Novice: 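Sending over a structure as structure tokens; questions will come in a sec.
Note that the structure is a prediction, hence the values are computed from the model and not measured. When a ligand or atom number is given, it counts from 1 through the structure's own listing order.
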Amino acid sequence: MKKEDCIFCKIANGEIPSATIFEDRDFRVMLDIGPATRGHVLILTKEHYDNIYEIDAETAGKLFSLASVIARAMKKVLNCDGMNILQNNGTVAGQTVFHFHLHLIPRYEGDQVQVTWPQGSITEEEKEELVKSMKKEI
Ligand code: AMP
Ligand code: ZN
């Protein structure tokens, strides 16, 4: 379903022009307008899903399969040293456009991109509790 006021719906469905490098029935792959690094790419679903909780597993599977193809092409063209695959859900996680999209961020030695975090810790008790409760929901 299309959302009238969603900019990524308009881009995904071609109503607003974009720097598209690939599209098929389900996805549009385009350059990010505010790239973290040279060659930053977004994969958008053509259907509107707010986030990872809404997208169906089959589409998500197809999307990641496409991501691997795109990543290989990017590596070849950009000659990047590494790549982060990132997908933000919720404002607290950095989501600013509430239409599902995957970031492919090429990384270069010496770039200033920050996607790492200080390592935390977990107790045996917490581990046990989390494994038990998560297992139940899957
Ligand atoms: P997020 O913060 O994960 O929701 O990512 C939104 C991304 O969309 C940002 O990296 C923006 O630079 C990018 N973006 C926003 N508007 C456009 C647009 N019109 N064309 C291409 N990329 C866009
Ligand atoms: Zn949308």
Novice: Please name the pair of heavy atoms, one in Ala36 and one in Val113, separated by the smallest distance, quoted to 0.1 Å.
Specialist: O-CG2, 3.8 Å
Novice: Nearest protein heavy atom to atom 4 (O) of ligand 1, by residue and atom, and its distance?
Specialist: Thr96 N, 2.7 Å
Novice: Give the numbers and elements of all ligand 1 atoms closer than 4.0 Å to a heavy atom of Gly34.
Specialist: 12 (O)
Novice: Could you list the atoms of ligand 1 found under 4.0 angstrom from a heavy atom of His103?
Specialist: 1 (P), 3 (O), 5 (O), 7 (C), 10 (O)
Novice: Can you pull out the closest protein heavy atom to atom 9 (C) of ligand 1? Residue, atom name and distance to 0.1 Å, please.
Specialist: Asp32 OD2, 3.4 Å
Novice: To check your reading of the model: name the closest protein heavy atom to atom 23 (C) of ligand 1, its residue, and the distance in Å.
Specialist: Ile33 CG2, 3.4 Å
Novice: Could you tell me the separation between the NZ atom of Lys62 and the CD1 atom of Ile55, rounded to the nearest 0.5 Å?
Specialist: 10.5 Å
Novice: So which protein heavy atom does atom 8 (O) of ligand 1 come closest to, and at what separation?
Specialist: Phe8 CZ, 3.5 Å
Novice: Could you please spell out the steps behind the side-chain contact (heavy atoms from CB on, under 4.5 Å) verdict for Val69 and Phe22?
Specialist: CA-CA 11 Å; Val69 173; Phe22 176 85; over 6 Å; no
Novice: Which of the atoms in ligand 1, numbered in the order shown and given with their element, are less than 4.0 Å from a heavy-atom of Leu31?
Specialist: 21 (C)
Novice: Round to 10° and report the angle made at the Zn ion (ligand 2) by ND1 of His99 and SG of Cys9.
Specialist: 110°
Novice: Has the side chain of Lys75 got a donor or acceptor atom that lies under 3.5 Å from a matching backbone atom of Cys80?
Specialist: yes
Novice: At what distance is the nearest protein heavy atom to atom 19 (N) of ligand 1, and which residue and atom is it?
Specialist: Ile11 CD1, 3.4 Å
Novice: Check whether any side-chain heavy atom of Asn84 sits under 4.5 Å from a side-chain heavy atom of His103, and report yes or no.
Specialist: no
Novice: For ligand 1 and His40, I'd like to know whether there is a polar contact (N/O to N/O, distance under 3.5 Å).
Specialist: no
Novice: Has ligand 1 got any nitrogen or oxygen that is less than 3.5 angstrom from a nitrogen or oxygen of Gly94?
Specialist: yes
Novice: Considering only heavy atoms of Met30, which atoms of ligand 1 have at least one such atom less than 4.0 Å away?
Specialist: 20 (N), 21 (C), 22 (N)
Novice: Would a 4.5 Å heavy-atom cut-off, applied to side chains only, mark Leu44 and His101 as touching?
Specialist: yes
Novice: If you measure from each non-hydrogen atom of Leu86 to ligand 1, which part falls under 4.0 Å: side chain, backbone, both or neither?
Specialist: neither
Novice: CD of Glu125: more than 12 outside heavy atoms within 6.0 angstrom?
Specialist: no
Novice: Which residue and atom name correspond to the protein heavy atom nearest atom 1 (P) of ligand 1, and how close is it?
Specialist: His101 NE2, 3.2 Å
Novice: Any non-hydrogen side-chain atom of Arg107 less than 4.5 Å from a side-chain atom of Val115?
Specialist: yes
Novice: State, yes or no, whether a side-chain contact exists between Phe100 and Gln87 at a heavy-atom distance under 4.5 Å.
Specialist: yes
Novice: Between SG of Cys6 and ND1 of His48, what angle is found at the Zn ion (ligand 2), rounded to 10 degrees?
Specialist: 110°
Novice: What about Val97: any of its N or O atoms under 3.5 Å from an N or O on ligand 1?
Specialist: yes
Novice: Donor-acceptor pair, Asn89 side chain versus Asn51 backbone, under 3.5 Å?
Specialist: no
